[in-house]
Amino acid sequence: MRKLLKGGSVVTGSGTFRADVLTDGETIAAVGRDLPPHGAAVTDVTGKLLFPGFIDAHTHFDLDVCNTTTADDFATGTKSALRGGTTTIVDFACPNKGQTLGYGLKLWHEKADGKSSCDYGFHMTIDDWNEGIEAELPAMFDAGISSFKMYMTYPAMMIGDQDMYFALRALKRYGGIAGVHCENAGVIDALISQHKRDGLTGPSSHPECRPNALEAEAVAHLLRIAQVADVPVIIVHLSTAEALDEVRAARARGQQVYIETCPHYLLLDDSVYYQPEYSAAARYVCAPPLRKKKDQQALWQALADGTIQTVSTDHCSFSLAQKDAGKGDFTKIPGGLPGVETRGILLYSAGVAGGRISAGTMCKVLSENPAKLYGMFGRKGVIAPGADADIVVIDPAAEGVITAGDQIANVDYTPYEGVKTQGKITQVYLRGALAVDAGKVVAENTGMYIPRGVRQM
């Protein structure tokens, strides 16, 4: 079926222009002024902004962690993402140590296939490195897995320097890239021991044991390994001004480094951990933790000047009851925040309407850049003929309020309770089909697996 979105303004990374958009089936057929309908169903989007479908390249759905399982699986998580304008997610397939990459991929397909309401792909976590894992890499690329994840913290997943070096070198041979969680595990453990010895077991100990310097040190550590390996890397969920400085220094010496940050680092600060009620504070525990307002300012500036390439959510949701597992021991609070449903409108409201970034920058960090970085650009990330007809329609004049009662994510709180927003997502199209209308998901379980090529930036 042909559809014509008429009278709106199309947003690209380089600017915004008035244009109609004609879709034919699952793809975009034409973009231009005053397009004739030629039998297409016409929708008037006058005064609205048309963004390419948002891509969230950092989610954790149906993940077993910290002796529990995330509140959102692929059914609830992708439906929530779609409502928030995200038409494609890239989740992390996480085989445990001792398991094969192939097993991890098979398991994540079982979790996602037939249950997803937006399109999806997978990164592959590497927490072991041996000849068997290395031999599986060609099969991963054949399956459309071109990006990988490594951890410098968490004993169950962290990988040592030697194995990281060999893994980075192997990925380079195939054109792959790794995103790395950067925190100094050894000093974090030392600070945890000190806090527990002193009887400091509440949520406020969480940020105190993971200070800015330990992210910056780990980023610098990784980047020197990557320098010797002569490979590009991605710093995932970067949260501090000091880590930004380490990336700038690496780029100045010629390294290729990409940065991802998250809405919670742009909009929330560490004062939330010092609330007297345990539940009110524990719900914000995530790693890296929320930082200072000065870090927020540095991140916004880095978004505006292009230092940061993508904004993902690291959506890893737990109910308040699950967060209660850490009463008496902050290290047992499952870490993570919900975010897929609110990312787009928060970035528009606080960023574009708030005058911090342009609509073009928002398009880059939510659509174009993740599509390029993760090997989907042309099909995803752009409103242009031949691309998938993934379109987010935003009414810039509308206002809203974020509340837990309104969300459809399978979690009983939102970190942004009561936040007033400027702008509203009115429609979302997934491959040409109207999937969200007036804030309601009207098409479920139509997501498909998207095999990805190598990076395009």
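The main-chain N or O of Asp34 is found under 3.5 Å from a side-chain atom of Asp20 such that the two form a donor-acceptor pair. Asp390 contributes no side-chain N or O that, together with a main-chain N or O of Thr87, makes up a donor-acceptor pair within less than 3.5 Å. The backbone N or O of Tyr449 lies less than 3.5 Å from no partner atom in the side chain of His109, so there is not a single donor-acceptor pair. In this structure a side-chain-to-backbone donor-acceptor pair under 3.5 Å is present from Gln309 to Ile259. Judged by distance alone, with hydrogens and angles left aside, the side-chain atoms of Ser349 form a donor-acceptor pair with the main-chain N or O of Gln422 at under 3.5 Å. Judged purely by atom type and a 3.5 angstrom limit, Tyr284 has no side-chain atom pairing as donor or acceptor with the backbone of Leu268.
At a threshold of 4.0 Å, the pair Arg248-Asp245 counts as salt-bridged, since one of the basic side-chain nitrogens sits closer than that to a carboxylate oxygen. Taking a cutoff of 4.0 Å between a charged side-chain nitrogen and a carboxylate oxygen, Arg431 and Asp119 qualify as a salt bridge. Remark: Asp44 does not engage Lys6 in a salt bridge, criterion side-chain N to carboxylate O under 4.0 Å. Ion pairing between Lys111 and Asp113 fails under the 4.0 Å rule for side-chain N and carboxylate O. Checked for salt-bridge contact, Arg224 and Glu246 miss the test: no charged N lies under 4.0 Å from a carboxylate O. No salt bridge links Lys424 with Asp395; every basic N to acidic carboxylate O contact stays at or beyond 4.0 Å.
Crowding of Lys172 atom NZ: a count of heavy atoms from other residues, nucleotides or ligands under 6.0 Å exceeding 12. Counting non-hydrogen atoms of neighbouring residues, nucleotides and ligands closer than 6.0 angstrom, the NZ atom of Lys364 reaches no more than 12 such neighbours. In this structure, Lys106 places its NZ atom where only 12 or fewer heavy-atom neighbours from other residues, nucleotides or ligands lie under 6.0 Å away. Around atom OH of Tyr174, more than 12 heavy atoms belonging to other residues, nucleotides or ligands sit under 6.0 Å away.
For the atom pair Ile28 CD1 and Asp388 CG, the distance stands at 8.0 Å (nearest 0.5 Å). Between the CG atom in Leu337 and the OG1 atom in Thr313 there is a gap of 9.5 Å [rounded to 0.5 Å]. How far CG of Asp62 is from CG of Asp91: 9.0 Å, rounded to the nearest 0.5 Å. Here the straight-line distance linking atom OG1 of Thr414 with atom CD of Glu341 works out to 8.5 Å at 0.5 Å rounding. Here CD1 of Ile145 is found 5.0 Å from CG of Leu105. Values are rounded to the nearest 0.5 Å.
Aromatic ring centres of Tyr120 and Tyr374 lie farther apart than the 6.0 Å criterion allows. Taking the ring centroids of Tyr416 and His264, they lie at or beyond the 6.0 Å cut-off.
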Note to self: Quick one, Arg291 with Ser239, criterion side-chain hydrogen bond (donor to acceptor under 3.5 Å, both in side chains). Give me CA distance, side-chain angles, the key distance, then yes/no.
What the structure shows: CA-CA 7 Å; Arg291 305 297 189 177; Ser239 65; 2.9 Å; yes
Margin query: Before you tell me yes or no, could you show the steps for Phe122 and Phe61 under ring-ring contact (aromatic ring centres under 6.0 Å, His included), namely the whole-Å CA-CA distance, both residues' side-chain angles and the distance that decides it to 0.1 Å?
Written below: CA-CA 11 Å; Phe122 305 125; Phe61 298 147; over 10 Å; no
Next item on the list: Check the pair Val247 / Ile235 against side chain to side chain contact (heavy atoms under 4.5 Å, CB included), numbers first and verdict last.
Entry: CA-CA 9 Å; Val247 173; Ile235 312 298; 4.2 Å; yes
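Across every non-hydrogen atom of Leu366 and Gly344, the tightest pair is CD1-CA, 4.1 Å. The minimum heavy-atom distance linking Gly104 with Ala93 is given by the pair O-CB, 3.9 Å.
Side-chain atoms of Thr307 and Asp305 include a donor-acceptor pair closer than 3.5 Å. Looking only at atom types and distance, the side chain of His315 has no donor-acceptor partner in the side chain of Thr59 under 3.5 Å away.
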